[in-house]
2 protein chains.
Amino acid sequence: MNNEARPVAAPGSPVRGSRSGQPIMVLFDLLSRRWAMGVLWNLSDGSRTFRDLQERCGSASPSVLNTRLKELRSVGLVEKAHDGYALTVSGRDLFQHLEPLGDWAMEWVPSLDAGRDS
Amino acid sequence: MNNEARPVAAPGSPVRGSRSGQPIMVLFDLLSRRWAMGVLWNLSDGSRTFRDLQERCGSASPSVLNTRLKELRSVGLVEKAHDGYALTVSGRDLFQHLEPLGDWAMEWVPSLDAGRDS
DNA sequence: TCGTATTGCTACGAATATCGTAGCGTACGG
DNA sequence: CCGTACGCTACGATATTCGTAGCAATACGA
């Protein structure tokens, strides 16, 4: 199959090219997988079902979504709740550091149009 | 060719599945491309040459690196300096929101080993 | 002027990741 | 039963990334 959860981290050993094994690169490696951040973001305000999550992530394919969920669960950022998936304590902790990006993005995005042509 | 800079954003229109067009999703879409965050991170403490960046990014292939650089430049986060590449003002601004992740990662990574087997 | 080193970058086939769609098995309500 | 929603798997088609080779331009010393 193609949607196996790729190993995450093992800091100090090369993962997806993060040869340095620096913690931040391990984290970037994880977060830069498709929809990883989107899942954290969408779980931030409460637990959601698999299919709900799917919609909110631009109809991401179930295989990738499931893969991301496995990975995020394997590193203890996400867990299963009786009513779907939810952030763990450290998941919420990480989200707090992601949250400011939301405000930043809202100021940044308009400046994109500025340089877009007409 | 394969290493064309993919369009970034156009908030409101679907990009790589970010159907919502929410600014944060536009940003996530950009940042989750391979090495995007790594480039920002490695440029944070001064300008670097193309090849220097390459090394620091786990020997990322030149094609991807160049593609990322094009994209990051096209959205005004990175610019060419006489001695390589450097963050722009808003690039540094964004980095400030990324930086706390470094500390977080250093506390988080050890907890990964804990649950890794024996 | 001739190496030769370094730099920025392109080319391109092979390897991976992601998408899109179909569909299975379970649980629940009517 | 029947319909619906759920979590999730299967799998071929696409898209992205890797790995390696190599070229043009610049800089440096011999």
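Residue numbers begin at 1 in each chain, while the letters A, B, ... track the order of the sequences.
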*Residue A/K70, side-chain heavy atoms: nucleotide from D/dC18, C/dT18, D/dT9 that is nearest*: D/dT9
*Rounded distance in Å - CZ (B/R73) to C1' (C/dG8)*: 10 Å
_Length of the line joining B/L65:CG and C/dA11:P, which is rounded to integer Å_ = 16 Å
*Of the options B/V64, B/T49, B/L65, which is the one that meets B/Q54 in a side-chain contact (heavy atoms from CB on, under 4.5 Å)?*
B/L65
*Mind checking salt bridge (charged side-chain N to carboxylate O under 4.0 Å, His left out) for B/D83 and listing every partner two or more places apart, or none if nothing turns up?*
none
*Whole-Å distance between D/dA5 P and A/D83 CG?*
18 Å
_Any B/R33 side-chain nitrogen or oxygen under 4.0 Å from OP1 or OP2 of D/dT17_ = no
*Of all the choices, D/dC8, D/dT17, D/dG19, which nucleotide is nearest to the side chain of B/S61 once you look at every atom?*
D/dG19
_For B/F95, give me all partners under ring pair (Phe, Tyr, Trp, His ring centres under 6.0 Å), at least two apart in sequence or on another chain._
B/W41
*Side chain to side chain, A/F28 and B/L31, heavy atoms closer than 4.5 Å*: no
*For D/dT17, does OP1 or OP2 lie under 4.0 Å from any side-chain N or O of B/R6?*
yes
*Going by the side-chain contact (heavy atoms from CB on, under 4.5 Å) test, name the single residue among A/L72, A/V89, A/D93 that passes it with A/L77.*
A/L72
_Just the rounded figure in Å: distance from C1' of C/dC24 to CG of A/N66._
14 Å
*Kindly say if B/K80 contacts the phosphate of C/dT7, meaning a side-chain N or O under 4.0 Å from OP1 or OP2.*
no
*Give the rounded distance in Å between these two atoms: CG of B/L53 and C1' of C/dC9.*
14 Å
*What's the closest nucleotide to the A/W35 side chain, out of C/dA22, D/dC18, C/dC19?*
C/dC19
_Residues in contact with DNA chain D, drawn from residues 39-52 of chain A - heavy-atom cutoff 4.0 Å_ = A/T49, A/F50, A/R51
*Round to a whole Å and report the spacing from CG of B/L69 to P of C/dT7.*
15 Å
*Taking C-beta and beyond as the side chain, do A/L53 and A/W35 meet within less than 4.5 Å on heavy atoms?*
no
*Nearest-Å distance, CG (A/D29) to P (C/dA17)?*
10 Å
*Return the value, rounded to whole Å, for the distance between atom CD of A/Q54 and atom P of C/dC19.*
11 Å
*For residues A/W104 and B/L27, determine if any side-chain heavy atom of one lies less than 4.5 Å from a side-chain heavy atom of the other.*
yes
